[in-house]
Chemist: 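Next up is a structure, given as structure tokens.
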Amino acid sequence: MPIEDLFALIDCIPTPVFVMDVKEGNIPVYAHYNRSALKRLERPMSDFIGRTAIETFGPEFGETAFREQCKSIESRAQRRYEFRLPIDGELRIVRTTLAPQVDAQGNVIRLIGHTLDVSAEQAADRAQAKLAQIGNEVEQFISMAAHDLRTPMRNVRALAELLREDFIDQGDGKLQLIDMLAEISDKAMTLITDVLSHATAVGQVGAYRLYDFGELVSDIMSVLDPRHQHNMTCPELMLDGEKTAMQIILHNLIDNAIKHGARESLSLTCTVTQIDDNLIEVTLTDDGAGFENPGRVFLDTGEFRVDSGYGLFGIRRLITSRGGNISAANNGRTGGSTVRFTLTSTVLSKEESRRTLRHAPSSGRQMAIFERKAS
């Protein structure tokens, strides 16, 4: 293609494009700037033709561009680089992509460059990094504050036990106040523990380990249902993943189902499906009252519930911080609720876990379930 036709073609491109000739000694000089580039820089074509980047933009701004252009000529390969450039009275960050054009002997005779102003993109990245830093600092502060609160709350609990010891009830309500003091301290300790779990779980991903999923669910049920009022059906399998994260998630989801199920005896079912090489989907269903508005349960507008510890919104944060997702729905047949979430883990059979293999079963495989009741 004649060079004039090339210049006419790139003048039609709505983004900044330039052409450089490679002179003796592999020195790149500008041969053409398209209309979009000239308009962006607010400079005439005569400022560029036959000049190097250093001559055009000065050593402070043009040296980086000149060095990268020479590297593209030397390597005969496409290069991408960024450099600062004064545009519209302010310094902007320009990302340039160079494509070398070679002759029949393999010599680079021309560079064709495309530029993009990425100042806003980099500013957004910096703002995101700053927000992440602030978030981490807030998490650390919350963690330290919660940790410092544990000792005084333990003292309150001990004081309540001391007051209750050998206390003679006179029927004036003082015994109830002591019991209330103990109950409040217990709830406060639960909330503090949840805050610490939240700071740990969201702040960083824990170590992967093999653990018995059914045993974990059984332990949770033992704590949440000590009188064995409810029935849980869950899989008998081993998982290779974050046990702490799974424990926090299931504890809060099961606790929420029991508290708001509006039934003396619930039937709960938990299933695990391997949906990818290193991703599982856990589904928890119950035959309780269901969610009042399942579409809003795990939205960003959610709030922590004072009466439910860690809270469903906290669970969503924990899961999404690990690249998973969570959703809720009501079961039209049973009237109960269904919660599904994904988490990075691998399902292993008992035999596989004994051999310490780390390969998941085929995608979509549903593991056999068994009746497990808290004991």
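The analysis underlying the following values was restricted to heavy atoms, covering all of them including side chains, and did not include hydrogens, waters or symmetry mates.
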Chemist: At what distance, to the nearest 0.5 angstrom, does OG1 of Thr344 lie from CG of Asp240?
Modeler: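 The distance works out to 11.0 Å.
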Chemist: Write out all pairs satisfying salt bridge (Lys or Arg N to Asp or Glu O under 4.0 Å) with one or both partners inside residues 6-22, taking only residues at least two apart or from two chains.
Modeler: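 Applying salt bridge (Lys or Arg N to Asp or Glu O under 4.0 Å) to every pair that reaches into residues 6-22, excluding sequence neighbours, yields Asp21-Arg110.
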Chemist: Quick one: CD on Glu60 to CZ on Arg84, what's the gap to the nearest 0.5 Å?
Modeler: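 That separation rounds to 5.5 Å.
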Chemist: Do Ile27 and Thr52 come within less than 4.5 Å of each other through their side chains, counting heavy atoms only?
Modeler: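 They are in contact (side-chain heavy atoms under 4.5 Å apart), so the answer is yes.
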Chemist: Should Leu318 and Met246 be regarded as members of a common hydrophobic cluster, given that ILVMFWY residues are connected when their side-chain heavy atoms come within less than 4.5 Å of each other, either directly or indirectly?
Modeler: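 Yes, same cluster.
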Chemist: What do you reckon, is CD of Glu264 surrounded by more than 12 foreign heavy atoms closer than 6.0 Å?
Modeler: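 For Glu264, atom CD is not crowded (no more than 12 foreign heavy atoms under 6.0 Å).
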Chemist: Step by step, would you call Leu111 with Ile73 a side-chain contact (heavy atoms from CB on, under 4.5 Å)?
Modeler: CA-CA 8 Å; Leu111 296 174; Ile73 296 170; 3.9 Å; yes
Chemist: May I ask you to test the Gln274-Ile280 pair for a side-chain heavy-atom distance under 4.5 Å?
Modeler: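 Of all side-chain heavy-atom pairs linking Ile280 with Gln274, at least one is under 4.5 Å.
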Chemist: Please say whether more than 12 non-hydrogen atoms of neighbouring residues, nucleotides or ligands are located less than 6.0 Å from CZ in Arg35.
Modeler: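 No, the 6.0 Å shell around CZ holds no more than 12 heavy atoms from other groups.
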Chemist: Do Asp169 side-chain atoms and Leu175 backbone N/O form a donor-acceptor pair below 3.5 Å?
Modeler: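 No; judged by distance alone, with no hydrogens or angles, the pair does not exist.
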Chemist: How many angstroms lie between atom CD1 of Ile258 and atom CG of Leu268, to the nearest 0.5 angstrom?
Modeler: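 If I round to the nearest 0.5 Å, the distance is 6.0 Å.
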Chemist: Mind listing the closest non-hydrogen atom pair of Thr15 and His114 along with its distance?
Modeler: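 Closest heavy-atom pair between Thr15 and His114: OG1-NE2, 3.3 Å.
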Chemist: Closer than 3.5 angstrom, by distance alone: can the side chain of Ser265 be matched with the main-chain N or O of Gln229 as a donor-acceptor pair?
Modeler: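 It does hold such a pair.
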Chemist: For a side-chain contact (heavy atoms from CB on, under 4.5 Å) check, start with the C-alpha distance between Arg76 and Asn107, then their side-chain angles and the critical distance, and finish with the verdict.
Modeler: CA-CA 8 Å; Arg76 299 181 178 85; Asn107 299 314; 4.2 Å; yes
Chemist: Mind checking whether Phe167 and Lys174 have side chains closer than 4.5 Å, heavy atoms only?
Modeler: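 A side-chain contact exists here, since the closest heavy-atom pair is under 4.5 Å.
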Chemist: How many angstroms lie between atom NE2 of His251 and atom CD1 of Ile249, to the nearest 0.5 angstrom?
Modeler: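 Answer for the NE2-CD1 pair, His251 versus Ile249, is 13.0 Å.
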Chemist: Could you walk me through whether Phe66 and Glu55 pass the side-chain contact (heavy atoms from CB on, under 4.5 Å) test, one step at a time?
Modeler: CA-CA 10 Å; Phe66 180 78; Glu55 294 169 333; over 6 Å; no
Chemist: Answer yes or no: are there more than 12 heavy-atom neighbours, outside Met180 itself, under 6.0 Å from its atom CE?
Modeler: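 It does not: Met180 CE has 12 such atoms or fewer within range.
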Chemist: Any donor-acceptor pair under 3.5 Å linking the side-chain atoms of Asp286 with those of Ser337?
Modeler: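 Ser337 vs Asp286: donor-acceptor pair found between side chains.
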Chemist: Do Asn256 and Asn252 have side chains that approach each other closer than 4.5 Å (heavy atoms only, starting at C-beta)?
Modeler: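 The answer is no; the side chains never approach within 4.5 Å.
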Chemist: Is a side-chain donor or acceptor of Asp276 paired with a backbone partner of Asn278 at a separation under 3.5 angstrom?
Modeler: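 Not confirmed, Asp276 side chain does not pair with Asn278 backbone.
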Chemist: For the residue pair His32 and Phe7, categorise the inter-ring angle as parallel (less than 30°), tilted (30 to 60°) or perpendicular (more than 60°).
Modeler: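 Because their plane-to-plane angle is under 30°, the rings of His32 and Phe7 count as parallel.
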Chemist: Mind checking whether Ile254 and Ile319 sit in one hydrophobic cluster, side chains of I, L, V, M, F, W, Y counted as touching below 4.5 Å?
Modeler: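 Same cluster.
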Chemist: Take atom NZ of Lys39 as the centre, draw a 6.0 Å sphere, and report whether it contains more than 12 heavy atoms from other residues, nucleotides or ligands.
Modeler: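 Counting other residues, nucleotides and ligands, NZ of Lys39 stays at 12 neighbours or fewer.
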Chemist: Any heavy-atom pair between the side chains of Phe341 and Leu250 that's under 4.5 Å?
Modeler: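 Yes, close enough: below the 4.5 Å cut-off.
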Chemist: Are there over 12 heavy-atom neighbours, none belonging to Arg67, within less than 6.0 Å of that residue's CZ?
Modeler: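 More than 12 heavy atoms, drawn from other residues, nucleotides or ligands, come within 6.0 Å of this atom.
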Chemist: Heavy-atom count around Arg43 CZ within 6.0 Å, excluding the residue itself: above 12?
Modeler: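 Atom CZ in Arg43 is packed in, count exceeds 12.
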Chemist: Under 3.5 Å, side chain of Ser36 to main-chain N/O of Pro14, donor-acceptor pair present?
Modeler: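 Yes: the side chain of Ser36 pairs with the backbone of Pro14.
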Chemist: Hydrophobic cluster membership, with links at side-chain heavy-atom distances under 4.5 Å among I/L/V/M/F/W/Y: are Leu216 and Val272 in one?
Modeler: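 Linked, Leu216 and Val272 end up in one cluster.
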Chemist: Can you name the nearest heavy-atom pair linking Ala160 to Leu181, along with the distance?
Modeler: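 Of all heavy-atom pairs spanning Ala160 and Leu181, the closest is CB-CD2, 4.0 Å.
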Chemist: Would you give the length of the straight line joining atom OG1 of Thr342 to atom CG of Asn325, rounded to the nearest 0.5 angstrom?
Modeler: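 With rounding to 0.5 Å, OG1 (Thr342) is 3.5 Å from CG (Asn325).
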Chemist: Where the side chain of Ser218 meets the backbone of Gly214, is there a donor-acceptor pair that is under 3.5 Å apart?
Modeler: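 Answer holds: no.
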Chemist: Considering only heavy atoms from C-beta outward, does the side chain of Leu41 approach that of Leu85 to under 4.5 Å?
Modeler: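 The answer is yes; the side chains approach within 4.5 Å.
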Chemist: Looking only at non-hydrogen atoms, find the nearest pair between Phe213 and Pro235 and report the distance.
Modeler: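 Result for this residue pair: CE2-CD, 3.6 Å.
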Chemist: So, do Thr244 and Gln247 sit near enough that their side-chain heavy atoms are less than 4.5 Å apart?
Modeler: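 No - every pair of side-chain heavy atoms lies 4.5 Å or more apart.
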Chemist: Write down the atom of Pro86, the atom of Leu91, and the distance for their closest heavy-atom approach.
Modeler: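 Heavy atoms only, the tightest pair is N-CD2, 3.9 Å.
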Chemist: Ring-plane angle category for Phe18 and Tyr33, please: parallel below 30°, perpendicular beyond 60°, tilted otherwise.
Modeler: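 Answer is parallel, since the angle falls under 30°.
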Chemist: Can you tell me how far CZ of Arg95 sits from OG1 of Thr115, rounded to the nearest 0.5 angstrom?
Modeler: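 Rounded to the nearest 0.5 Å, the OG1-CZ separation comes to 11.5 Å.
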Chemist: Run Asn26 and Val108 through side-chain contact (heavy atoms from CB on, under 4.5 Å) and show every step you take.
Modeler: CA-CA 8 Å; Asn26 285 340; Val108 177; over 6 Å; no
Chemist: Establish whether Ile49 and Leu38 are linked, either directly or via other cluster members, by ILVMFWY side-chain heavy-atom contacts under 4.5 Å.
Modeler: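 Ile49 and Leu38: one cluster.
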Chemist: For Asp117 and Ser119, does a side-chain donor sit closer than 3.5 Å to a side-chain acceptor?
Modeler: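 Note: Asp117 and Ser119 side chains meet the donor-acceptor criterion.
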Chemist: Between Phe57 and Ile87, is there a shared hydrophobic cluster once you connect ILVMFWY residues whose side-chain heavy atoms come closer than 4.5 Å?
Modeler: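 In one cluster with Phe57: Ile87, yes.
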Chemist: Could you pull out the closest heavy-atom pair between Gln78 and Ala99, with the gap in Å?
Modeler: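 Residues Gln78 and Ala99, closest heavy atoms: OE1-CB, 4.4 Å.
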Chemist: What I'd like to find out is whether the side chain of Thr346 reaches to under 4.5 Å of the side chain of Tyr208, using heavy atoms alone.
Modeler: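 Of all side-chain heavy-atom pairs linking Tyr208 with Thr346, none is under 4.5 Å.
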Chemist: Testing the basics here: between Arg263 and His230, what is the closest heavy-atom pair and its distance to 0.1 Å?
Modeler: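 Result for this residue pair: O-CE1, 3.9 Å.
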Chemist: If you draw a 6.0 Å radius around CD in Glu74, do more than 12 non-hydrogen atoms from other residues or ligands fall strictly inside?
Modeler: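 Result for CD/Glu74: open.
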Chemist: If only atom types and distance count, is the side chain of Gln69 paired as donor or acceptor with the main-chain N or O of Pro28 below 3.5 Å?
Modeler: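 The answer is no, because no donor-acceptor pair under 3.5 Å joins these two groups.
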